[in-house]
There are 2 protein chains.
Amino acid sequence: MPAKENLRPGGRSARVQASVHNAVRALLKNMDRADVTIPLIAAEAGVTPSTIYRRWGELQELLADVAVERLRPDMLPIDTGSARGDLEVWTEQYCEEMSSGIGRDMMRDVLAAQDNANACKCDAFTREQIALIAERAHARGEAFPDIDAVMDGVVAPIIYRILFGDQPSIERVRDLMTGVFAAMPTRQPQPASAPISG
Amino acid sequence: MPAKENLRPGGRSARVQASVHNAVRALLKNMDRADVTIPLIAAEAGVTPSTIYRRWGELQELLADVAVERLRPDMLPIDTGSARGDLEVWTEQYCEEMSSGIGRDMMRDVLAAQDNANACKCDAFTREQIALIAERAHARGEAFPDIDAVMDGVVAPIIYRILFGDQPSIERVRDLMTGVFAAMPTRQPQPASAPISG
DNA sequence: CGCTAAAAGCAAATAATTTGCGTTAATGGA
DNA sequence: TCCATTAACGCAAATTATTTGCTTTTAGCG
């Protein structure tokens with residue numbers, strides 16, 4: 001139902017979409033999300049409300065659309081020199097972003113939508129980032145856990161805790177990471193491996 | 001904001017609440033959740049819409065309220081004779097319930113609400129069920145993982161996958177459970193150690 | 001029993017959503 | 001390049017949902 005993908009990529013349509021997205025971001029910055037309505041967004045974006053209704057159906061789909069764009073990673077995972085360090089830094093940053101008020105709201109928006117395509121996208125973004133870290137690890141000759149193991153062992157617990165009311169602590173996040181590395185099938189890592197200290 | 005707790009427990013108020021909850025359940029059984037509106041619920045429940053608006057504020061809070069009641073466990077975890085068996089059976093049932101269309105919808109309702117009190121309740125329900133299994137294990141003198149280890153290692157991955165688009169398979173769920181038991185610190189189980197207080 | 005106030009009902013006012021139809025402009029083919 | 005086609009938009013009227021002020025009911029309590 002929410003167009004976004006299969007719409008005419010050409011000028012006006014894209015312009016309207018960008019304008020609406022910008023309007024949503026601008027409004028969310030300044031006011032409580034409970035007070036943001038479609039007519040308000042339309043006014044801010046300079047379009048007529050029916051355009052939004054026809055393209056997104058309801059507010060939640062639009063919010064989910066906007067949220068997923070903001071959740072798209074905008075940089076490569078930081079290279080610390082070791083797989084474990086890479087994952088640790090990435091995980092802590094991910095956890096911080098997602099625990100913040102904005103991150104929570106965006107995740108809520110994505111999950112609240114009828115259409116779960118956006119939720120799938122978020123999952124894909126995360127997997128891609130971890131895959132990049134894994135690739136680097138392999139290129140260095142370091143052992144690295146399966147993506148699924150990282151998702152189940154680190155990402156899922158973080159997200160679960162954020163969604164269900166508990167703020168995950170840095171210590172807990174480190175423990176989760178340690179657990180995933182410990183559970184990794186121990187085939188011999190090639191010589192170049194260099195685990196971080198501390 | 002959503003009353004439900006601190007309301008007058010007496011006759012009329014409780015009657016209205018029950019009537020509204022029943023109306024929601026009845027409507028959700030027969031129609032798409034996108035077509036359920038507050039005026040419709042009010043008509044079905046035989047109350048005036050403004051009553052619902054004043055008590056719950058918006059549809060999502062009401063849906064979350066109803067959903068959390070349906071997510072409340074209505075029976076003790078099945079006793080299979082062993083801790084591992086108990087957890088396995090419970091986990092598989094939990095996974096099935098949550099993966100089903102109804103379970104997903106209820107979880108979505110709970111998470112979509114502004115107020116996350118209901119989400120916390122769901123987490124508490126799950127912890128209580130696992131705590132019961134843990135108590136039985138301790139009473140039998142069996143080792144059992146920490147509740148947090150089970151939440152992070154089994155529950156969180158299941159819920160994450162359901163929310164973010166992947167259906168967790170029975171095999172994967174068993175693997176998760178095996179992992180949690182394997183990672184358990186292997187202190188010797190005392191014979192008939194004291195049950196946890198709770 | 002009678003008082004007080006929380007919760008419900010009712011109806012008018014306001015706001016959001018849907019819908020029909022005319023207009024604009026992106027796309028694709030001649 | 002121009003034209004035909006049609007998706008997407010704008011506008012405005014109709015419908016539906018939400019809010020609000022006021023009245024009535026009734027739970028809670030001395």
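Convention: sequence-line order gives letters A, B, ...; per-chain numbering from 1. What you see is a predicted model, and the numbers here were worked out from it, not measured in a lab.
Within the 4.0 Å cut-off from OP1 or OP2 of dA8(D), not a single side-chain nitrogen or oxygen of Thr51(A) is found. Proximity of Ser13(A) to the phosphate of dA26(C): no side-chain N or O atom is located under 4.0 Å from OP1 or OP2. Dashed line: the shortest gap from a side-chain N or O of Arg55(A) to OP1 or OP2 of dC9(D) is under 4.0 Å.
Salt bridge Arg136(A)/Glu142(A): absent, no basic N to carboxylate O contact under 4.0 Å. One finds a salt bridge joining Asp148(B) and Arg161(A) here, because a Lys/Arg side-chain nitrogen approaches an Asp/Glu carboxylate oxygen to under 4.0 Å.
With rounding to whole Å, Glu58(A) atom CD is found 16 Å from dA16(C) atom P. Spacing between atom CG of Leu62(B) and atom P of dA17(D) amounts to 15 Å, rounded to whole angstrom units. The CD1-C1' distance, from Ile38(A) to dT18(C), rounds to 12 Å in whole Å. If you take CZ of Arg15(B) and P of dT25(D), they are 15 Å apart, rounded to a whole angstrom. Between the CG atom of Asp35(A) and the C1' atom of dA15(C) there is a distance of 14 Å, given to the nearest Å. Computed from coordinates, the Arg54(A) CZ to dG20(C) P distance equals 9 Å when rounded to whole Å. Rounded to whole angstrom, the span from the CD1 atom of Ile52(A) across to the P atom of dT19(C) amounts to 17 Å. In this structure, Trp56(A) places its CH2 atom 15 Å from P of dT17(C), rounding to the nearest Å.
The Arg12(A) side chain lies nearest to dT24(C) when the options are dA17(D), dT24(C), dA27(D).
Defined by atom type and a distance below 3.5 Å, a donor-acceptor pair is missing between the side-chain atoms of Gln114(B) and Arg33(A).
In Ile102(A), the CD1 atom is not crowded: 12 or fewer heavy atoms of neighbouring residues, nucleotides or ligands sit closer than 6.0 Å.
Base contact: Ser50(A) has a heavy atom under 4.0 Å from a base atom. At the heavy-atom level, Thr48(A) lies under 4.0 Å from base atoms of the strands shown.
Hydrophobic clustering (side-chain heavy atoms under 4.5 Å, transitive across Ile, Leu, Val, Met, Phe, Trp, Tyr) groups Met151(B) together with Met184(B).
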